[in-house]
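Quick notes on the structure that follows.
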Amino acid sequence: MRRNPMVLITLFLILAGLACSADNDDAAMVTDDVANTDDVGGTAELSAAFAEFDEDETTIYLDGNNVVIETTGFPNHETVYWGPGNDLYRDEPDVALTPSIIPNFDGSATLVVSANPQLASTSTATNLGAIGIAVSGAAIFNDQEGNGPLSQAAASLDWTGGHIGPSVYHYHLEPTAWSEDDGALIGILADGFFIYGRKDYDGNYPTDLDASGGHFGPTPHNPDGEYHYHIQNELYLNQYYVIFPGDYQGTPNSIN
Ligand SMILES: [Zn+2]
Ligand SMILES: [Zn+2]
């Protein structure tokens, strides 16, 4: 079969160009660690918080004034739900397993949010399914399980408040794999606001949270302050710290 060398060279140049732009996106995620500025009409910047997301599980880049967050949906830590034989399998004999394991699902998802999300005039209830993407790569769900209370599914939650429902692996509770009664970044919700652990930047529990666990204030990634959520320091069913039982205070986009 004859091949035209010019076609091959052109193809090579196109592929090389694509590889370069992908590299640039990665570089932007790592080095662009300046928090959003007050530039009027300036170009958007990636929040420094995005550097906390697992680089193997997520790809994050700017697209105009939006941030695109792509994830494999797989958690970067141990859980029984990886299934025996997996490197990240953790034996958890007390967990009432749901009938599947992580590798059986395509958990990949994309969320596009504004690089400078704004509060909405009215709040929006969350739905079943992913309401956010955690820094581990896996999905954040709300306080419901199949439209019933979370207590119905509690026995199947693993050591870090996650499990597989009828679909992908996801967290309902404070993910102790990387945050326990502290101010660690948990992830980003579908309205573009970040959610942190129970404590604030200064090591104290915030006292001015709104109905969704949000407030305006400094974060480890933006000392100038921005609106962000916290896991509320209030027990649910006298037992659990649910990640996000409230409504979005911004405008949610779909995660799919
Ligand atoms: Zn669930
Ligand atoms: Zn705070």
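Counting convention: from 1, in listed order, for ligands and their atoms alike.
Cluster annotation: Ile101 is not connected to Tyr89 through the hydrophobic network of ILVMFWY side chains, with a link wherever side-chain heavy atoms come within less than 4.5 Å. Neither Tyr201 nor Ile231 shares a network with the other; the hydrophobic side chains, linked directly or stepwise wherever heavy atoms of I, L, V, M, F, W or Y lie under 4.5 Å apart, form separate groups for each.
For the ring pair (Phe, Tyr, Trp, His ring centres under 6.0 Å) test, no residue two or more places apart in sequence or in another chain qualifies with Tyr241. Looking at residues two or more places apart in sequence or on another chain, you find a side chain to side chain donor-acceptor pair (under 3.5 Å) between Tyr205 and Asp181.
In this pair, His170 and His163 present their aromatic rings perpendicular. The plane angle is above 60°, beyond the 30 to 60° band.
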Is there a ring-ring contact (aromatic ring centres under 6.0 Å, His included) between Phe194 and Phe50 once you walk through the steps? CA-CA 10 Å; Phe194 294 108; Phe50 287 114; 5.1 Å; yes
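Side chain to side chain, His228 and Asn222 fail the donor-acceptor criterion of an N or O pair below 3.5 Å.
Neighbours of the Zn ion (ligand 1) restricted to protein N, O or S atoms under 2.8 Å: the count is 4. Within the protein, the number of N/O/S atoms found under 2.8 Å from the Zn ion (ligand 2) is 5.
Shown here for Ile133 and Phe53, the closest heavy-atom pair between the two residues is O-CE2, 3.6 Å.
Within the 4.5 Å cutoff, no side-chain heavy atoms of Tyr229 are placed close to those of Ile243.
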